[in-house]
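Structure, as structure tokens:
Remember, it's a predicted structure, so these values are computed and weren't measured experimentally. In each ligand, atom 1 is the first atom listed, and ligand 1 is the first ligand listed.
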Amino acid sequence: AKARGKGCFQIFENRMHELLLDKLDAEGRLRDAVHRGELRLHLQPVVALPGRAVGGVEALVRWQDPERGLQQPGAFIPLAEETGLIAEIDRWVLFEACMTVRRWQELDPAAAPAWVSVNLSAVELEVPDLTDRVAYALSTTGLSPQCLVLELTETVLMRDVAVTSARLEELRELGVKIAIDDFGTGYSSLGYLRDIPVDVLKVDRSFITDIVGNPRQQELVSAVIQLGHTLGLKVVVEGIETEDQLTLLTAIGCRYAQGYYLGRPEPVAALIERTTTGSET
Ligand code: C2E
Ligand code: CA
Ligand code: CA
Ligand code: CA
């Protein structure tokens, strides 16, 4: 039994070793991804209701991994956060998003989105030069600060309320807008609505999944939308996948919506083509 135990341990050790090597390998390739130009920017529309005109877009990163193909953020953001590579990725996305939307606005001012949202990871707010970097991205690309929204999740915002508020005030002085992402999934939502300066609430899609035929859920989402509007915030509801969900949300006063039913994340070229030909799906 002892020998077998040792054998098992050997297998376990070999497997751990393999996993570690895999991880180092993935880390190395991800580290090079930025310099090799393997990151891709996808944009998902946020539409105004009831007309469904595109109001803004959210920037969502992808990685064109030469070995494994196009990777969704879920497949590499956790590793990027663990290793600190996320800072570089977020920096790339910020610049690329500002540049892309600025060019689009120049190309077609009538059809181009009025704003672009960029996701910031937890570490970003602790980097002292965040405001400088945002200012640099805006001045270099020429994008108007009013056209940039920075999305942060509740958990990030609640880390250190004093530091966060100060940092966000700096950013808002530049003229950029702040959004709370995945609203409702954290713990002290109402507390930071009081303490932290924000402009946009993005209601998490988990509230929308089962909203049709669920009166309680409808009341809850309706109340959140009213609360946001009362506080003078823009409220975006995420994760609209069906016509019924859209109809219902329109009826309860939702003014901005995002979801596969309204448009999937796409490379900018595809999105521009569809917006200008007007053949919306
Ligand atoms: P998120 O910020 O909450 O972004 C919305 C996610 O929901 C996106 O997934 C989007 O494709 C997906 N989505 C949109 N509409 C629907 C829908 O109707 N149904 C469903 N089921 N999903 C929908 P994606 O692109 O895979 O991104 C996942 C997460 O990765 C994002 O969640 C965000 O937290 C993170 N992420 C993406 N890009 C970046 C980035 O540039 N920087 C950082 N730090 N995080 C990013
Ligand atoms: Ca987001
Ligand atoms: Ca979200
Ligand atoms: Ca999220």
Taking atom types as modelled, is there a side-chain donor on E170 or T131 under 3.5 Å from an acceptor on the other?
yes
Checking Y261 against Q245: is there a side-chain donor and acceptor pair closer than 3.5 Å?
no
Would you mind telling me if ligand 1 is within reach of the side chain of Q258, the backbone, both or neither, using heavy atoms under 4.0 Å?
neither
At a non-hydrogen distance cut-off of under 4.0 Å, which region of K202 contacts ligand 1 (side chain, backbone, both, or neither)?
neither
Under 4.0 angstrom from ligand 1, any heavy atom of [X]?
X	result
G74	no
R205	yes
E124	no

Below 3.0 Å, any N, O or S contact between D181 and the Ca ion (ligand 3)?
yes
Assess E151: does it contribute an N, O or S atom lying under 3.0 Å from the Ca ion (ligand 3)?
no
Do any N/O/S atoms of E238 come under 3.0 Å of the Ca ion (ligand 2)?
no
Is the Ca ion (ligand 2) less than 3.0 Å from an N/O/S atom of N119, whether that atom is in the backbone or a side chain?
yes
Considering only heavy atoms, which of [options] lies nearest to [atom]?
atom	options	value
atom 3 (O) of ligand 1	D182, I240, T153	D182
atom 45 (N) of ligand 1	D204, N119, V61, L41	N119
atom 8 (C) of ligand 1	I77, D90, L60	L60

Would you call E58 and K202 a salt bridge, using N to O less than 4.0 angstrom?
yes
Could you identify the N, O or S atom of E58 positioned closest to the Ca ion (ligand 2)?
OE2
Those atoms of ligand 1 less than 4.0 Å from some heavy atom in S121:
44 (N)
Just jot down the ligand 1 atoms closer than 4.0 angstrom to any heavy atom of I86, in number order.
44 (N)
Heavy-atom side-chain contact between P197 and S165 under 4.5 Å:
yes
Stacked cation flag R133 on Y136, 6.0 angstrom / 45 deg
no
At what distance, to the nearest 0.5 angstrom, does CZ of R172 lie from CG of D199?
4.0 Å
